[in-house]
*Asks:* 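Shown below is the structure under consideration.
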Amino acid sequence: MKEYKSPDYHFVRNTGGLSGKELIKLSDDELSQYLHTDSYIKEKKKYRIKKDFILRNIAGQYTIIPVDEESVITNAMLVPNDTAVFLWKSFEKPSTIEDVVIKGLQEYDATEDVIRKATERFVKESLKQRILEEDE
């Protein structure tokens, strides 16, 4: 028997340049090849906040506390602004960058480019600091 998984889907930006009408005309083999391009695979990556960090709201001020002794960030707490809290909460469950960009467009009065760049920077920096991890 197969393992049951909860239904789940994520937004993936179509970076290959074909429209939906063009995609539907592709054979199964052509579509499979299209979906296995590097850019498509990169867009499918999901990220999540590591369990070694806790976001707390203390008297209206958010604080991020590292709870793992092997964390890159030791003997310190992070104090995020509202946008960083939004990004943090968005990645508490596994999400693609595109998922978060779409949520950001619904939440903020900013262009897609601004939200995308901020989200990509958050992911890059959080991966470097080992706050965020790729979800398998």
Side-chain angles (χ1 to χ4, degrees):
M1 294 185 106
K2 291 182 183 180
E3 176 187 350
Y4 177 80
K5 294 181 181 177
S6 296
D8 190 23
Y9 67 90
H10 295 274
F11 291 99
V12 177
R13 192 167 41 139
N14 180 2
T15 59
L18 295 180
S19 69
K21 289 180 181 181
E22 293 168 315
L23 288 174
I24 202 161
K25 293 177 185 176
L26 297 178
S27 69
D28 288 349
D29 289 338
E30 291 169 328
L31 183 58
S32 177
Q33 186 176 17
Y34 181 83
L35 296 178
H36 284 87
T37 61
D38 287 342
S39 60
Y40 184 78
I41 290 170
K42 180 183 170 196
E43 293 288 330
K44 276 181 39 176
K45 282 186 183 177
K46 295 181 209 171
Y47 303 95
R48 70 170 174 226
I49 300 294
K50 291 176 80 173
K51 293 180 173 129
D52 302 335
F53 295 88
I54 305 294
L55 176 68
R56 300 271 312 267
N57 185 342
I58 303 167
Q61 177 70 46
Y62 280 97
T63 305
I64 297 168
I65 305 166
V67 294
D68 182 19
E69 293 176 8
E70 297 179 21
S71 172
V72 174
I73 302 166
T74 57
N75 201 24
M77 291 183 281
L78 304 169
V79 182
N81 67 12
D82 291 343
T83 304
V85 170
F86 167 80
L87 290 168
W88 184 278
K89 288 180 176 183
S90 296
F91 284 111
E92 286 182 329
K93 68 176 191 161
S95 299
T96 63
I97 289 173
E98 193 67 17
D99 290 334
V100 177
V101 169
I102 289 170
K103 284 182 192 175
L105 287 169
Q106 296 169 348
E107 183 80 16
Y108 294 101
D109 183 21
T111 65
E112 180 178 341
D113 189 52
V114 167
I115 292 172
R116 184 173 307 285
K117 285 180 181 175
T119 304
E120 289 171 349
R121 187 175 58 249
F122 178 87
V123 167
K124 181 181 177 184
E125 291 300 315
S126 297
L127 286 170
K128 188 188 321 181
Q129 296 297 326
R130 291 186 264 175
I131 295 170
L132 203 61
E133 63 187 355
E134 282 188 41
D135 186 62
E136 297 177 9

*Asks:* Tell me which one of Arg116, Lys45, Lys103 satisfies salt bridge (charged side-chain N to carboxylate O under 4.0 Å, His left out) with Glu98.
*Replies:* Arg116
*Asks:* If you group Ile, Leu, Val, Met, Phe, Trp and Tyr by side-chain heavy-atom gaps below 4.5 Å, do Leu127 and Leu87 land in one group?
*Replies:*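 Linked within one cluster.
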*Asks:* So, for Phe53 and Arg130, which heavy atoms are closest and what is the spacing to 0.1 Å?
*Replies:* CE1-O, 3.4 Å
*Asks:* Do you know which two heavy atoms are closest between Arg56 and Ile65, and how far apart they sit?
*Replies:*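 Closest approach of Arg56 to Ile65, heavy atoms only: CG-CD1, 3.8 Å.
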*Asks:* Should we count CG of Asp28 as having more than 12 external heavy atoms under 6.0 Å?
*Replies:*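 Count not over threshold, so no.
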*Asks:* Using the six-membered ring wherever Trp is involved, compare the ring planes of Phe91 and Phe122 and label them parallel, tilted or perpendicular (cut-offs 30° and 60°).
*Replies:*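 Parallel: the ring planes of Phe91 and Phe122 meet at under 30°.
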*Asks:* Applying salt bridge (Lys or Arg N to Asp or Glu O under 4.0 Å), run through Lys25 and Glu22 and close with a yes or a no.
*Replies:* CA-CA 5 Å; Lys25 293 177 185 176; Glu22 293 168 315; over 6 Å; no
*Asks:* Going from CD1 on Ile97 to OG on Ser90, what distance comes out if it is rounded to the nearest 0.5 angstrom?
*Replies:*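 One gets 12.0 Å once the value is rounded to the nearest 0.5 Å.
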*Asks:* Taking only residues two or more places apart in sequence, or in another chain, which ones meet Asp29 in a side-chain hydrogen bond (donor to acceptor under 3.5 Å, both in side chains)?
*Replies:*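 Per chain and number, Asp29 pairs via side-chain hydrogen bond (donor to acceptor under 3.5 Å, both in side chains) with no residue.
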*Asks:* To the nearest 0.5 angstrom, please state how far the CG atom of Leu132 sits from the CD atom of Glu125.
*Replies:* 11.5 Å
*Asks:* For Ile54 and Val67, which heavy atoms make the closest approach, and how far apart are they?
*Replies:* CG1-CG1, 3.7 Å
*Asks:* Quick check on Asn57: does its CG atom have over 12 non-hydrogen neighbours (other residues, nucleotides or ligands) under 6.0 Å away?
*Replies:*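 More than 12 heavy atoms, drawn from other residues, nucleotides or ligands, come within 6.0 Å of this atom.
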*Asks:* With a 6.0 Å cut-off (strictly less than), is the heavy-atom count around CD1 of Ile58, excluding the residue itself, greater than 12?
*Replies:* yes
*Asks:* Looking at every non-hydrogen atom in both residues, tell me the closest pair between Val101 and Glu112 and how far apart they are.
*Replies:*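 Closest pair (atom of Val101, atom of Glu112, distance): CG1-CG, 4.1 Å.
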*Asks:* With sequence neighbours left out, write down each residue that passes side chain to side chain contact (heavy atoms under 4.5 Å, CB included) with Leu55, or none if nothing qualifies.
*Replies:* Tyr62, Ile64, Pro80, Val85, Trp88, Lys89, Glu92
*Asks:* Can you tell me which residue among Arg48, Lys46, Lys93 is in a salt bridge (charged side-chain N to carboxylate O under 4.0 Å, His left out) with Asp135?
*Replies:*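 The passing option is Arg48.
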*Asks:* Output all residues satisfying side-chain hydrogen bond (donor to acceptor under 3.5 Å, both in side chains) with Arg121, sequence neighbours left out; order by chain, then residue number.
*Replies:*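 Arg121 satisfies side-chain hydrogen bond (donor to acceptor under 3.5 Å, both in side chains) with no residue once adjacent residues are dropped.
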*Asks:* Checking Ser95 side chain against Val100 main chain: does a donor-acceptor pair fall under 3.5 Å?
*Replies:*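 No, the answer is negative, given that no donor and acceptor are paired below the 3.5 Å cut-off.
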*Asks:* List for me each residue that meets side chain to side chain contact (heavy atoms under 4.5 Å, CB included) alongside Asp113, sequence neighbours excluded, and say none if there are none.
*Replies:* Thr111, Lys117
*Asks:* Restricting to side-chain hydrogen bond (donor to acceptor under 3.5 Å, both in side chains), what partner residues turn up for Ser27, sequence neighbours left out?
*Replies:* Glu30
*Asks:* Would a 4.5 Å heavy-atom cut-off, applied to side chains only, mark Tyr47 and Thr119 as touching?
*Replies:* no
*Asks:* Mind checking side chain to side chain contact (heavy atoms under 4.5 Å, CB included) for Leu23 and listing every partner two or more places apart, or none if nothing turns up?
*Replies:*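 Asn14, Leu18, Leu26, Leu31, Tyr34.
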*Asks:* Can you measure from CD (Glu133) to NZ (Lys51) and round to the nearest 0.5 angstrom?
*Replies:* 7.5 Å
